[in-house]
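In each ligand, atom 1 is the first atom listed, and ligand 1 is the first ligand listed.
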Amino acid sequence: MKQENALEAVNVSCVFRINQGLLKGSKPLVAVNGVSLQIQKGKVVGLVGESGCGKSTLANILLGLQRPTSGDVLYSGKTATGFSNRHIARRIQPIFQDPYSSLNVTKTVKSIISLPLRIHKIGDAASWDSKVNEMLDLVGLPKRVAESYPSQLSGGQRQRVAIARALIMRPEVVICDEPTSALDVSVQSQILNLLQDLRLELGLTYLMISHNLAVVEHMADRVAVMYLGRIVEEAESAVLFKEPKHPYTRALLSSVLTPDPRLGVPDTQLGTIFPNPIDPPTGCSFHPRCASRIDICSQKMPAPHLEKQHMAECHLFSK
Ligand code: SF4
């Protein structure tokens, strides 16, 4: 039986105009370039790639925070254009990288967690309090934390508050954008395990965005690898980590990963630096860094090649 998709991007592109100065006019920056991605209900899809590859723009499009230039987003098979932003917010919620900057430091934990209920006018003050207590329990925080401020909490506790806020509306899908990379290593696995437990308990669907392949391998059922606005490889997690096809994925897997997201994926195996998205390379956009490139790579963009649910966009496979 075919599994229903909770969230789907269909040939989504997003182009920004970048001002080049008074006499030079503007140039297009293609942040997302014809991306199609399906996230089945109850599954975890990992999205990996270096900083600037378009992951966060794609996340914003899926969250309804950024309109795509073309293409469509489907929520449970229905086009996003039929939904208001409020309706989307009830179905899909984000958890961001840095819980400190994503929480209002002037508000109590109780106020932060109950905010979505108050915005959407769901229930009353008494029910908000009991709902907050329920959420604190769910994310493993004591009830007394309700009256605390974010500055009085540890990084891990703050991320638990952010998770409680994201889940209080019981969304179907959660987009986790680098959910542990601002945390101490010792706390990271606790938060990942909490996310995994909550997914099973509440039947959630996750898009797990991370530069850290170990996080994605730990959590994801399927993995999509993004490079310069395109998904260049996608497969079941076990297959992708065992038998990566695309030279970029292979380079990522053989790189020494850093826990600091600001550093992105190191270039040890990738030669030259990440290209300027305003002036992308011709042909396959990975060709200036690719150790396996052949003549056609600089001239023609490769077509996606699909074999046994394993997609790779590379001339080595599309011949
Ligand atoms: Fe490398 Fe060519 Fe494949 Fe691009 S198409 S990844 S340059 S081999």
Tell me whether the count of non-hydrogen atoms from other residues, nucleotides or ligands lying under 6.0 Å of NZ in Lys245 goes above 12.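 Yes - once you tally the heavy atoms of other residues, nucleotides and ligands closer than 6.0 Å, there are more than 12.
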
Do me a favour and list the nearest non-hydrogen protein atom to [atom] with residue, atom name and distance?
atom                    : value
atom 2 (Fe) of ligand 1 : Cys297 SG, 2.2 Å
atom 5 (S) of ligand 1  : His315 N, 3.2 Å
atom 1 (Fe) of ligand 1 : Cys290 SG, 2.3 Å
atom 4 (Fe) of ligand 1 : Cys284 SG, 2.3 Å

Check whether any N, O or S atom of Cys314, backbone or side chain, sits closer than 2.8 Å to atom 3 (Fe) of ligand 1.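 Within the cut-off used here (under 2.8 Å), Cys314 does place an N, O or S atom near atom 3 (Fe) of ligand 1.
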
Atom OG1 of Thr57 and atom CG of Leu62: how far apart are they, to the nearest 0.5 Å?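 Going from OG1 on Thr57 over to CG on Leu62, the span is 11.0 Å.
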
side-chain hydrogen bond (donor to acceptor under 3.5 Å, both in side chains): pairs with one or both residues in residues 293-304, sequence neighbours excluded: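 Listed once each, the pairs would be none.
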
Going by the angle between their ring planes, with limits at 30° and 60°, are His87 and Phe83 parallel, tilted or perpendicular?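 The rings of His87 and Phe83 lie parallel, inter-plane angle below 30°.
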
N-O pairing of Glu243 and Lys308 below 4.0 Å: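 Looking at Lys308 together with Glu243, the answer is no, because their closest N to O distance does not fall below 4.0 Å.
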
Have a look at ligand 1 and work out which part of His246, if any, has a heavy atom under 4.0 Å from it: side chain, backbone, both or neither.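 It is the side chain that touches ligand 1; the backbone stays farther off.
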
Quick check on contacts: which atoms of ligand 1 are under 4.0 angstrom from a heavy atom of [X]?
X      : answer
Arg293 : 7 (S), 8 (S)
Ser292 : 8 (S)
Leu316 : 8 (S)

So does His287 have any N/O/S atom less than 2.8 Å away from atom 2 (Fe) of ligand 1?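 No, His287 does not qualify, because none of its backbone or side-chain N, O or S atoms lies under 2.8 Å.
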
Of all the heavy-atom pairs spanning Tyr206 and Ile39, show the shortest one and how long it is.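 The answer is O-CG2, 3.9 Å.
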
Test Asp124 against Ser127 for side chain to side chain donor-acceptor pair (under 3.5 Å), laying out the working first. CA-CA 5 Å; Asp124 53 22; Ser127 68; 3.2 Å; yes

